[in-house]
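Notes follow the structure.
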Amino acid sequence: MATAGLGGALTLTAVVPFVASLLPSERAKAAGAPVEVDIGTLAPGEMMVVEWRGKPVWILHRTPEMLASLEKAEARLADPGSKAPQQPDYAHNHQRSLKPEYLVAVGICTHLGCSPSKAFEAGDPALGSDWPGGFLCPCHGSTFDFAGRVFKDKPAPTNLEIPPHSYLSDSRLLIGGDTRGQV
């Protein structure tokens, strides 16, 4: 009986560290953790980029002109209502956001994973006189409006991803967790 007890204790001593080694490290946990961002100094028309889960996340403080361009572009968009399921339910509006003045989107093209660049100037000669402003993926020419919605007949198959997020206050944004605690 003593031998069985000693054997069980030794087995437990060996198993605990082994099982603990299978759990994610603190670094791995932090890589997927929500990110809190101060957006209080972000002026209209400015964009900041933060990293969440190893991806660039754009936070764009949209101007009234940027917001007005969203409805005007809808006829030219592949998925204006954001029906594809790559965003939270609260992004199924033409602003694709909780607060109309802010766009929070993963800055990775849905075509081949390139990073689109800002093309904010309406009527940009390189994009045509009817260009409303938005984002351009220079690798293959996909274009997105100020809500991250892809234009028709472009290589990108879907709109940019909207990560789960919530506002902790008027100046604090939490990326990676929404008001229902989803991550």
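Heads up: numbering here begins at 1 and tracks the sequence. Hydrogens, waters and symmetry mates are skipped; everything else that's a heavy atom, side chains included, is used. Everything numeric in this text was worked out from a predicted model, so none of it was measured.
Applying ring-ring contact (aromatic ring centres under 6.0 Å, His included) to Trp58 and the options Phe135, Trp52, Phe120 leaves one that passes, Phe135.
Residues Met48 and Met66 fall into different hydrophobic clusters, defined by Ile, Leu, Val, Met, Phe, Trp and Tyr side chains chained together at heavy-atom separations under 4.5 Å. Put simply, Val49 and Leu42 are part of two different groups of oily side chains (I, L, V, M, F, W, Y) that touch within less than 4.5 Å, one to the next.
Counting heavy atoms from C-beta on, the side chains of Ile108 and Cys114 never come closer than 4.5 Å. When side chains are defined from C-beta on, Val104 counts as touching Leu173, because their heavy atoms get closer than 4.5 Å. By the 4.5 Å heavy-atom criterion applied to side chains, Ser97 and Leu103 are not counted as neighbours. Between His61 and Ile39, the closest side-chain pair of non-hydrogen atoms is not below 4.5 Å.
With sequence neighbours excluded, the residues forming a salt bridge (charged side-chain N to carboxylate O under 4.0 Å, His left out) with Lys55 are Glu161, listed by chain and number. In this structure, Ala68 has no side chain to side chain contact (heavy atoms under 4.5 Å, CB included) partners at least two apart in sequence or on a different chain. Not counting sequence neighbours, the partners of Lys99 by the side chain to side chain contact (heavy atoms under 4.5 Å, CB included) test are Glu101, Tyr102, Tyr167, Asp170. For Asp38, the side chain to side chain contact (heavy atoms under 4.5 Å, CB included) partners are Ser171, Arg172, not counting sequence neighbours. Contacts of Val50 classified as side chain to side chain contact (heavy atoms under 4.5 Å, CB included), with partners at least two apart in sequence or in another chain: Val37, Val57, Ile59, Ile175. Looking at residues two or more places apart in sequence or on another chain, you find no side-chain hydrogen bond (donor to acceptor under 3.5 Å, both in side chains) involving Ser69. The side-chain hydrogen bond (donor to acceptor under 3.5 Å, both in side chains) search around Glu65 returns Thr63, not counting sequence neighbours.
Side-chain atoms of His165 come within 3.5 Å of backbone N or O of Pro163 as a donor-acceptor pair. With Arg96 contributing its side chain and Asn159 its backbone, the two residues share no donor-acceptor pair below 3.5 Å.
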Test side-chain contact (heavy atoms from CB on, under 4.5 Å) on Val35 and Glu51 and set out the steps. CA-CA 8 Å; Val35 176; Glu51 186 177 331; over 6 Å; no

Atom pairs and distances, donor-acceptor, side-chain atoms in residues 121-133, under 3.5 Å, two or more places apart:
residue : atom : partner : partner atom : Å
Asp124  : OD1  : Ala126  : N            : 2.9
Trp131  : NE1  : Ala119  : O            : 2.9

Under 3.5 Å, sequence neighbours excluded: what are the donor-acceptor pairs made by side chains of residues 136-153?
residue : atom : partner : partner atom : Å
His140  : ND1  : His111  : ND1          : 3.4
Ser142  : OG   : Ala156  : N            : 2.9
Asp145  : OD1  : Ala147  : N            : 2.9
Asp145  : OD1  : Gly148  : N            : 3.1
Asp145  : OD1  : Arg149  : N            : 2.8
Asp145  : OD2  : Arg149  : NE           : 2.8
Asp145  : OD2  : Arg149  : NH2          : 2.7
Arg149  : NH1  : Glu74   : OE2          : 3.3
Arg149  : NH1  : Pro80   : O            : 3.1
Arg149  : NH2  : Leu70   : O            : 2.9
Lys152  : NZ   : Ala75   : O            : 3.0

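Atoms CG and OG, on Asp89 and Ser82 in that order, are 11.5 Å from each other to the nearest 0.5 Å. Here the CD atom belonging to Glu46 is positioned 8.5 Å from the NZ atom belonging to Lys118, to the nearest 0.5 angstrom. Note that CE of Met47 is 12.5 Å distant from CZ of Arg62, once rounded to the nearest 0.5 Å. Distance check: Leu168 CG to Leu174 CG gives 5.0 Å after rounding to the nearest 0.5 Å.
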